[in-house]
Amino acid sequence: MTDDLTSPLPVMAPDAALAILTDREAGTDAELMLGAALVHLTALVRQGLELDATEDVPADVPVDQLGVDSLLALEIGDHVFDATGAVLTVEDVARRPTLGGLAALIVADLRKQRPT
């Protein structure tokens, strides 16, 4: 599994992405989960920054350059935890500042929580 995604956003609806991330009985295909986490994070950033679905949100650009401040990072982390159980802290955003890097952290945490 790569740390940062540089490929285009997977074609997946945000609801489908969240379903993949929250299905505890599903397999743990890391690439599928990574794509789902990226789609989910991108949707949260779009919502938080009030962007429409046509505006580009690159996975490999630091989130602060996208306009994500510490308050929005905290809100995104809270939403990710509430929706999936994965922990994503403001400190994580500082250490892994791209959506691709943050998606990898979410997947790593969720894979630890799932039965093998």
Side-chain angles (χ1 to χ4, degrees):
M1 179 171 53
T2 59
D3 228 17
D4 280 305
L5 293 177
T6 55
S7 60
L9 193 62
V11 178
M12 183 184 311
D15 291 344
L18 188 55
I20 290 168
L21 296 174
T22 58
D23 186 355
R24 302 272 186 240
E25 303 304 316
T28 56
D29 180 293
E31 292 302 318
L32 177 62
M33 290 178 69
L34 187 61
L38 183 58
V39 168
H40 185 63
L41 282 171
T42 300
L44 293 175
V45 168
R46 279 193 176 115
Q47 179 182 1
L49 296 176
E50 298 179 357
L51 303 175
D52 65 41
T54 63
E55 294 184 70
D56 189 34
V57 180
D60 59 345
V61 172
V63 294
D64 62 335
Q65 290 181 18
L66 298 174
V68 176
D69 60 15
S70 58
L71 179 58
L72 181 53
L74 182 61
E75 291 172 0
I76 288 171
D78 287 346
H79 180 81
V80 166
F81 181 76
D82 291 345
T84 70
V87 175
L88 186 64
T89 66
V90 173
E91 292 80 17
D92 291 332
V93 175
R95 286 191 302 268
R96 301 277 187 116
T98 66
L99 291 180
L102 295 173
L105 288 176
I106 291 170
V107 170
D109 193 33
L110 290 175
R111 292 185 80 205
K112 284 191 262 182
Q113 297 175 24
R114 288 190 176 178
T116 55

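Heavy-atom basis, side chains included; hydrogens, waters and symmetry copies ignored.
- Of all heavy-atom pairs between Leu18 and Ala83, the closest is CD1-CB, 3.8 Å.
- Clustering ILVMFWY residues whenever any of their side-chain heavy atoms sit less than 4.5 angstrom apart, transitively, puts Leu51 in the very cluster that holds Val68.
- Counting heavy-atom neighbours within 6.0 Å of Glu55 CD, excluding the residue itself, gives a total above 12.
- Residue Ala17 comes nearest to Ala36 through the heavy atom pair CB-O, 3.4 Å, listed as atom of the first residue, atom of the second, then distance.
- Here Leu110 contributes atom CG and Ile20 contributes atom CD1; the two are 12.0 Å apart, rounded to the nearest 0.5 Å.
- Through side-chain heavy atoms spaced under 4.5 Å, either directly or across other Ile, Leu, Val, Met, Phe, Trp or Tyr residues, Phe81 is tied to Val87.
- Taking all atoms of both residues into account, the shortest heavy-atom contact from Thr84 to Ala86 is OG1-N, 3.1 Å.
- Looking at Gln113, its side chain does come within 3.5 Å of a backbone N or O of Gly85 through a donor-acceptor pair.
- For the atom pair NE2 (His40) and CD1 (Ile106), the distance works out to 7.0 Å, reported to the nearest 0.5 Å.
- Annotation for Leu74: hydrophobic cluster partners, listed by chain and number, are Val90 (ILVMFWY side-chain heavy atoms under 4.5 Å, direct or chained).
- Distance CG/Leu44 to CG/Leu102: 11.0 Å, rounded to 0.5 Å.
- Taking CG from Leu38 and CG from Leu34, the interatomic distance works out to 6.5 Å, rounded to the nearest 0.5 Å.
- Of the inter-residue distances, the one linking Leu41 atom CG with Thr98 atom OG1 reads 10.0 Å to the nearest 0.5 angstrom.
- Under the 3.5 Å distance criterion, the side-chain polar atoms of Asp78 are left unmatched by any main-chain donor or acceptor of Glu75.
- Considering CZ of Arg96 and CG of Leu88, their distance stands at 10.5 Å, rounded to 0.5 Å.
- Partners of Ala94 according to the side chain to side chain contact (heavy atoms under 4.5 Å, CB included) rule, which considers only residues two or more places apart in sequence or in another chain, do not exist here.
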